[in-house]
Peer 1: 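Quick one: the structure is below, questions incoming.
Below, chains carry the letters A, B, ... as their sequence lines are ordered, and counting in each starts from 1. Predicted model only: the values in this text are computed from it and were never measured.
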There are 2 protein chains.
Amino acid sequence: MPEKLTDKDISLTFAKGLEVLAAFDAEDRELTIPEVARKTNLNRTVARRLVLTLEHLNYLECNNRVYRLTPRILRLAGGFLQGRDIGKHVSPILATYSEKLKGSVSFAMLDGNEAVYVAHSPGDPRMITLGFTVGSRLPLHATAIGRALVAFSGWETRERLLEVAPRVKYTCSTKIDLDDLRDDLDLSVRNGFVYVQDEFEQGVASLAVPVKRPDGALIGSLGIVGPNPRFSNEKNKLEKVRLLHECAGSIAMIV
Amino acid sequence: MPEKLTDKDISLTFAKGLEVLAAFDAEDRELTIPEVARKTNLNRTVARRLVLTLEHLNYLECNNRVYRLTPRILRLAGGFLQGRDIGKHVSPILATYSEKLKGSVSFAMLDGNEAVYVAHSPGDPRMITLGFTVGSRLPLHATAIGRALVAFSGWETRERLLEVAPRVKYTCSTKIDLDDLRDDLDLSVRNGFVYVQDEFEQGVASLAVPVKRPDGALIGSLGIVGPNPRFSNEKNKLEKVRLLHECAGSIAMIV
DNA sequence: ACCTTATTGATCGATAATCGAACATATGTT
DNA sequence: AACATATGTTCGATTATCGATCAATAAGGT
């Protein structure tokens, strides 16, 4: 007997529809209906109806059988960003500290097994920041901003994340051993900040601090990235940490 | 006999689900299930199942019966933003021109009857830019960036937008007469830019130019906002227009 | 504190929306 | 041109969805 998957409280069609929507990601900006069906493991007819629904609702536009997202999707994101006053309050704060820190500052939150950029203030326009922006996702283990989300979570969450989050070896320096990571997390908690170097990209380092609500609950993390030498002066690094903490305090008030 | 609404090609459940998701907007960052049902005109049970589905998929989180969006929604937005290289290419360009123009620069696209901010580069951090950010929506008729989207569309789209887009009178200067608007649009097309003053907020002016693909198709519009005096020097204003056009050219290459 | 009223949560059979096999059409390959 | 492959569409069977109804909880009044 095929297992009864009818949860009665979960709308399968809706869940499939969201999968279709999510199929249009950074890798696949354009997809045909059969491609969607393959990527989502849905029956072609089902994928078709869901895609057509999305087109009908103006979430997708079609050009010669090829579909791609329209800016309509930003409406949904706007609900989140504006609801949490990201644009009104967080971004200006980031911009201010971006000046003080002379570089781009990013605010990330936990999304499943990844860190997702919620706000981002580009520093010097000339310095291309690897193209990260709102909605960009980063691994939890190999970046400071991600590792901060793990380190400053409660014990339970922390262990769960260590367990379930994928640990890709991006460089030869990437820590992927669980105990190594635990040690690093412990150290980070003692320090009050996370420093990661060469683990995501050779020669690139990142620094991050937690953003916590007054009651101690972790909201997100705040980080900066740059070539290693920028962090080599220890005193300078601690000054950056101080500024990040200050910035985190301001953000914590409003989110 | 109740009209048969079964379009066979449109998934009603999915459409309803997206409505539920969209119910969480800037005004209502937090909603209970019955509130969602009321706002979307859905049966309470239906709303419940859709909300529970969203919670199950981590798009919503629940705190004491109150639901709100999680950053997961940014994943979907990320598909759009990264797919169109907004973060990698558009934002840096905006940042560069934001320096040259000494103020924030925004890139908007058409979404239904509204303009939606797709990218935004804050200028001087001290100058709070009214809290607009990615996903913010603006009316088409009362802002330069919105009016540019109408003016530089093809004739058919332009007339449709004039017809269907709501024309709210934000200030006593807001143009709401169709023929007044048409005149202004014609003028804007002749000029190659849109200038709007006092129509959205007293004392605030905005300047915008179209972003067109090489083949002439309108992609979006690029605009700046500021207190009226900033645009009072005509020569200076034209220099801003020139920079905006330059910026638009750079963006047109990549989107 | 008690009862009443209003609001919200959960159940379950009828119904209509969804599914997917099968067919039709388009595309490209030898 | 004929074949093979990939994509689009149809339509009846199935089952997920709907919403009236009931249960539980919260709010309000005396």
Peer 1: Just jot down the ring pair (Phe, Tyr, Trp, His ring centres under 6.0 Å) partners of Y59(B), sequence neighbours excluded, or say none.
Peer 2: none
Peer 1: Starting from C1' on dT9(D), measure out to CZ on R49(A) and report it in whole angstrom.
Peer 2: 13 Å
Peer 1: Using whole Å, what does the distance between atom C1' of nucleotide dA26(D) and atom CD of E35(B) come to?
Peer 2: 15 Å
Peer 1: Distance check needed: dT18(C) P versus L50(A) CG, whole Å only.
Peer 2: 9 Å
Peer 1: Where along residues 36-48 of chain A does a heavy atom come under 4.0 Å from DNA chain D, residue by residue in number order?
Peer 2: R38(A), R44(A), T45(A), R48(A)
Peer 1: Check salt bridge (charged side-chain N to carboxylate O under 4.0 Å, His left out) between K39(B) and all other residues, then give those that pass, not counting sequence neighbours.
Peer 2: D25(B), D28(B)
Peer 1: How close or far is atom P of dA17(C) from atom CG of L12(A), stated in whole angstroms?
Peer 2: 17 Å
Peer 1: Specify the residues of residues 13-20 of chain B, ordered by number, for which at least one heavy atom lies under 4.0 angstrom from an atom of DNA chain D.
Peer 2: T13(B), K16(B)
Peer 1: Heavy atoms only, 4.0 Å cut-off, all strands: where does R65(A) land among base, sugar-phosphate and nothing?
Peer 2: sugar-phosphate
Peer 1: Indicate yes or no: does R49(A) engage D9(B) in a salt bridge with an N to O separation below 4.0 Å.
Peer 2: no
Peer 1: For E55(A), which residues count as a salt bridge (charged side-chain N to carboxylate O under 4.0 Å, His left out) partner, sequence neighbours excluded?
Peer 2: none
Peer 1: Just checking, is any N or O donor in the side chain of S106(B) or H120(B) under 3.5 Å from an acceptor N or O on the other one?
Peer 2: yes
Peer 1: How far does the helix from dA1(C)-dT30(D) to dT30(C)-dA1(D) bend, going by the axes of its first and last five pairs, to the nearest 10°?
Peer 2: 40°
Peer 1: Check this for me, if you would: do R137(B) and D111(B) make a salt bridge, where the nitrogen-to-carboxylate-oxygen distance has to be below 4.0 angstrom?
Peer 2: no
Peer 1: When we call it a touch if two heavy atoms are under 4.0 Å apart, what does S11(A) touch: a base, just sugar-phosphate, or nothing?
Peer 2: sugar-phosphate
Peer 1: May I have the distance from L52(A) (atom CG) to dT7(D) (atom C1'), rounded to whole angstrom?
Peer 2: 13 Å
